[in-house]
2 protein chains.
Amino acid sequence: MTRLPTLLLASLAAALAATPATAQRIHPPTPAEIVAAAPASEWVEIAATDLLVMDLAPDAGGKPRRVVIQLVPPPFASGWVGNIRKLVAAHWWDGLSVNRVQDNYVAQWGDPDGEDKVKARPLPRGLMRMTAADYTVPRLLESPQQTVRRRGQSWWTRDPFAPDTAVVAGWPTARDAQRQWPVHCYGSVGVGRDLAPDTGSGAELYAVIGHAPRALDRVIAVVGRVIEGIAHLSALSRGTGDLGFYETAAERTPIVSIRLASELPDPPRFETLSSDSDSFAKLLEARANRSDAFFTAPAGGIDICASAAPVRRVPTSS
Amino acid sequence: MTRLPTLLLASLAAALAATPATAQRIHPPTPAEIVAAAPASEWVEIAATDLLVMDLAPDAGGKPRRVVIQLVPPPFASGWVGNIRKLVAAHWWDGLSVNRVQDNYVAQWGDPDGEDKVKARPLPRGLMRMTAADYTVPRLLESPQQTVRRRGQSWWTRDPFAPDTAVVAGWPTARDAQRQWPVHCYGSVGVGRDLAPDTGSGAELYAVIGHAPRALDRVIAVVGRVIEGIAHLSALSRGTGDLGFYETAAERTPIVSIRLASELPDPPRFETLSSDSDSFAKLLEARANRSDAFFTAPAGGIDICASAAPVRRVPTSS
């Protein structure tokens, strides 16, 4: 999730990559340096029960393709997340496929025959039907410490799509005086639906593979974010049918399985930098005011999507 | 360039695609309907001398891969655009390659040996050396009509990265009291450079294939935008080296040629909806307040990247 926002020529990139972290610094710390220096106490492990592990069929060269998704925490989208837990427990997605890839928009997976009454795979019992009201939650309280931090960051209120934004437990959200909701950013995972807002169960999912489609906020449920392997979705061939659906079954990418990490014998582990930590506050300040050598004109602001908390692997034995 | 921001299930998508445009409408016109209804007088053809046509080597299935780039108009980045005109006149890029693809960031092309003093392809004579001051231009005047239109669109000033934004001749730009500059959006084409701001000639170019990297505004020169074929760059395999550079020559995608459309025997032709037109004003209003059936909670705003003018093909005999 860390970003490398330089556009360097190849030899310079190699030289920089080879520069030891202890080299004399002639600038305030970069975002990457702040993340690297954050003490262990500021990192929080993501529960294995909150991680979806999607294994796609290997690529043409036989390489495995694994996509890891963190589910959004309560109170957001809790009905849909509950449905997704039922679907994954039933191993419902196994053998289905990625059916749609639309450039600068989404990669979408689920049952390609989902609307065929004969061929559709039956859904597990007990899925909840959500309503339009469930796309947002009552505005959340924030701690006095958070409020003080936000006061120094005027850019947080300069969002074109909502009166105000805030990071909640590492997640970019927007809000008005009454309601709050997670926003659509690159890598966000949401629930495909039909025209009526109560028609998405969570069986049909998509990941954003382009510029943040913020017009979808409060219109579709954000239920997670890809924290590893997004390129296995974003670099897929674009579908040539309407809305990027593939026109032939052969073009679809098979899903071998989707599991909770907690079901796996050797689960990948991840941790996230606490958005209540001092390092996170420094990180946002640095992202908004890049002052390392390449950035000759700091922006003075960041958008809410660039305010997501960094995620990194926890080393495991495998 | 038109967007299809729905996440429909397959059968519904097919049904909607089959709906005749004359079907009874139960909502205000959608962005797509406004664009389709715009009279011919509101469309402006893009000069063939302002179009770069990049032909990549055919894909694994033998299909041609053509990327069309519109050069940014004066007064923006005019020194770099002048250099690019010299480079394309010299057929300088022919036989070079796409050397870097970094997920949610850029696809970059040029001379893979550009920094090897022996192997580097010599640059044409007479390229200009630009400075940090050239990344912006003095703030542009706008017509009284434009000012009146902007007054009703409060979201235009809610940009997290700059005091104000404005669309100029169809191009998304930002500005402060003194200066104005084109911004980085999905599909924007810019000039790769080394650490010093005067080191980019225009020979090393990139296209944005992810969320708008607005921190690059005023830091790197935006010289164009991809108006057709972006997926030939955005769906390429990501490089596994530092910053997404490919680690082996075999992974690079060869560039057969880059030409001005005006050099081609049968050039593609494009036109853009005038950003001074009534339809364009209606389009922005509709994009900010989606009220067709799927959009149950209109955002009330758009970001500057969603304010780019639509581009479409002009039918040709071929």
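Throughout, a chain's letter reflects where its sequence line sits, starting with A, and its residues are numbered from 1.
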Which heavy-atom pair separates B/Pro298 from A/Arg218 by the least distance, and what is that distance?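 So the minimum-distance heavy-atom pair works out to O-NH2, 3.1 Å.
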
Heavy-atom pairs under 4.5 Å with chain B: which of A/Gly210, A/Ser234, A/Cys185, A/Pro197 has the most?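 The candidate making the most pairs under 4.5 Å is A/Ser234.
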
Please check this pair: side chain of A/Arg193 against backbone of B/Phe294, looking for a donor-acceptor N/O pair closer than 3.5 Å.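 At least one qualifying donor-acceptor pair exists.
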
Cation-aromatic face contact B/Arg158/A/Phe161, 6.0 Å, 45 degrees: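 The answer is no, since B/Arg158 fails at least one limit relative to A/Phe161.
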
Pair B/Asp103, A/Ile230 - check side-chain contact (heavy atoms from CB on, under 4.5 Å), show working. CA-CA 8 Å; B/Asp103 196 68; A/Ile230 182 73; 3.2 Å; yes

Apply side-chain contact (heavy atoms from CB on, under 4.5 Å) to residues B/Ile220 and A/Phe295 and explain how you reach the verdict. CA-CA 9 Å; B/Ile220 308 193; A/Phe295 287 83; over 6 Å; no

From A/Tyr186 atom OH to B/Tyr105 atom OH, the distance as rounded to the nearest 0.5 Å: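 Between A/Tyr186 OH and B/Tyr105 OH, I get 13.5 Å after rounding to 0.5 Å.
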
Can you confirm whether A/His211 sits close enough to B/Cys305 that some side-chain heavy atom of one is under 4.5 Å from a side-chain heavy atom of the other?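 A side-chain contact exists here, since the closest heavy-atom pair is under 4.5 Å.
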
Atom group of B/Ala132 that falls short of 4.5 Å from chain A, counting heavy atoms: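 Neither; nothing under 4.5 Å.
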
